[in-house]
Enquirer: 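Next up is a structure, given as C-alpha cells.
Hydrogens, waters and symmetry mates are skipped; everything else that's a heavy atom, side chains included, is used.
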Amino acid sequence: MTTSTTNGSGSPRPSDSSSPAPAAEALLAMPEFRAAKPGGARKRFARSHLPADLDEQVRWEAIRTACDRADELTQQRYAGIGDQYDELAADLLTDPAYQQAGSVGVRKQAAEQFLTAWADGFVPPLSR
C-alpha cells in the first residue's frame, strides 16, 4: 500500500480513494486500531481516523474489511496460545505493571496489555 499524505490526525491517507483496500490496510497498520476492542470501539476508532473526504461507501467497506481482518488475525495469533501458557504466565509474573497492580481489576488490565503486546497489538479475544 502506498500513502500520499496524512489526514488531519496524522494518520496515513490511502492514495487510492476509490478502493477500500488501501484504507483497510492503513487501519490495520495502526497499533491503536489493532488494540481497540472488537466491535464498537474498533469501528469508532476507524471512523475517526479515515480521511473525512473518503467516499462513504468506500469508508464503510474499508471499516468492515479492516474489522473483519483484525478479527481473523486476532484468532490466528491467539489460536496457539495454549502451547505457551507456562512461558507466558512466567513472563507475566515478572512484568512490572502486573507486579505493581493492587487490585484484581488492575491485574486484569495489566494482563490484557501484556497479551496485547505479545500478540502484535491485537487485544485478547476474551477481553471483549
Side-chain angles (χ1 to χ4, degrees):
M1 177 197 74
T2 59
T3 54
S4 58
T5 72
T6 60
N7 66 15
S9 67
S11 301
R13 179 180 175 80
S15 59
D16 178 4
S17 61
S18 64
S19 169
E25 290 174 20
L27 288 169
L28 285 165
M30 296 179 197
E32 300 90 348
F33 174 78
R34 295 191 308 269
K37 298 207 180 196
R42 195 173 271 162
K43 289 176 184 173
R44 281 189 300 278
F45 179 89
R47 278 194 295 270
S48 68
H49 286 81
L50 286 175
D53 61 346
L54 193 63
D55 176 79
E56 191 60 34
Q57 183 65 30
V58 172
R59 173 186 293 275
W60 180 86
E61 186 65 25
I63 291 170
R64 186 190 62 76
T65 300
C67 287
D68 288 350
R69 184 67 181 135
D71 288 345
E72 291 170 12
L73 292 170
T74 297
Q75 293 304 319
Q76 289 173 11
R77 182 64 174 129
Y78 285 96
I81 195 171
D83 297 335
Q84 299 179 24
Y85 277 152
D86 292 339
E87 179 185 340
L88 286 171
D91 290 345
L92 176 62
L93 291 174
T94 63
D95 183 72
Y98 186 82
Q99 289 178 338
Q100 295 172 5
S103 70
V104 172
V106 176
R107 279 192 297 275
K108 182 181 179 217
Q109 288 176 345
E112 181 179 307
Q113 291 170 353
F114 173 84
L115 287 173
T116 300
W118 171 82
D120 300 324
F122 291 100
V123 68
L126 298 177
S127 66
R128 293 178 184 191

Enquirer: On a heavy-atom basis, which atom in Ala62 and which in Leu50 lie closest, and how many Å separate them?
Expert: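 Shortest heavy-atom contact: CB-CD1, 4.4 Å.
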
Enquirer: Are the charged groups of Arg59 and Asp55 less than 4.0 angstrom apart, N to O?
Expert: no

Enquirer: Less than 4.0 angstrom from a charged side-chain N to a carboxylate O is my criterion; do Arg34 and Asp120 meet it?
Expert: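 No, no charged N to carboxylate O under 4.0 Å.
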
Enquirer: If I take atom OG1 from residue Thr116 and atom CZ from residue Phe122, how far apart are they, to the nearest 0.5 angstrom?
Expert: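 Taking OG1 in Thr116 and CZ in Phe122, the distance rounds to 10.5 Å.
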
Enquirer: Is any side-chain heavy atom of Pro38 less than 4.5 Å from a side-chain heavy atom of Val123?
Expert: yes

Enquirer: Nearest 0.5 Å, please: how far is OG in Ser19 from CD in Glu25?
Expert: 8.5 Å

Enquirer: To the nearest 0.5 angstrom, please state how far the CD atom of Gln76 sits from the CG atom of Asp71.
Expert: 11.5 Å

Enquirer: State yes or no: do Leu92 and Val104 share one hydrophobic cluster built from I, L, V, M, F, W and Y residues joined by side-chain heavy-atom distances below 4.5 Å, directly or via other members?
Expert: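 No, it is not one cluster - the side chains of Leu92 and Val104 are not joined through contacts under 4.5 Å.
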
Enquirer: Is Leu93 linked to Val106 within one hydrophobic cluster, defined over Ile, Leu, Val, Met, Phe, Trp and Tyr using a side-chain heavy-atom separation of less than 4.5 Å?
Expert: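 No, it is not one cluster - the side chains of Leu93 and Val106 are not joined through contacts under 4.5 Å.
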
Enquirer: On the ring face of Trp60, is Arg47 found with NZ or CZ under 6.0 Å from the centre and within 45° of the axis?
Expert: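 No, cation not above the ring by the 6.0 Å, 45° rule.
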
Enquirer: Please give me the minimum heavy-atom distance between Pro125 and Thr74, naming the atom from each residue.
Expert: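 Scanning both residues, the minimum pair turns out to be CD-CG2, 4.0 Å.
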
Enquirer: As an exercise, state the distance from CG of Asp68 to CG of Leu73, rounded to the nearest 0.5 Å.
Expert: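 CG of Leu73 is found 11.0 Å from CG of Asp68.
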
Enquirer: Over all heavy atoms of both residues, which pair between Phe33 and Ala70 is shortest? Give the atoms and the distance, please.
Expert: CE2-CB, 4.0 Å

Enquirer: Heavy atoms, side chains only, cut-off 4.5 Å: are Tyr98 and Gln113 in contact?
Expert: no

Enquirer: Using 0.5 Å steps for rounding, measure from the CG atom of Leu28 to the OG1 atom of Thr65.
Expert: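 Between Leu28 CG and Thr65 OG1, I get 9.5 Å after rounding to 0.5 Å.
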
Enquirer: Indicate the atoms forming the closest heavy-atom contact of Trp118 with Arg77, along with that distance.
Expert: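 Answer, listing the atom of Trp118 first, then Arg77: O-NH2, 2.5 Å.
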
Enquirer: Show, in sequence, the C-alpha distance, side-chain angles and deciding distance for Arg107 and Glu112, and conclude whether the salt bridge (Lys or Arg N to Asp or Glu O under 4.0 Å) test is met.
Expert: CA-CA 9 Å; Arg107 279 192 297 275; Glu112 181 179 307; over 6 Å; no

Enquirer: Nearest heavy-atom pair of Ala119 and Tyr78: which atoms, and what distance?
Expert: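 Scanning both residues, the minimum pair turns out to be CB-OH, 3.3 Å.
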
Enquirer: About how many Å separate NZ of Lys43 and CZ of Arg64, when rounded to the nearest 0.5 Å?
Expert: 10.0 Å

Enquirer: The test is side chain to side chain contact (heavy atoms under 4.5 Å, CB included); show your working for Arg42 and Ile63 and say whether it passes.
Expert: CA-CA 9 Å; Arg42 195 173 271 162; Ile63 291 170; over 6 Å; no

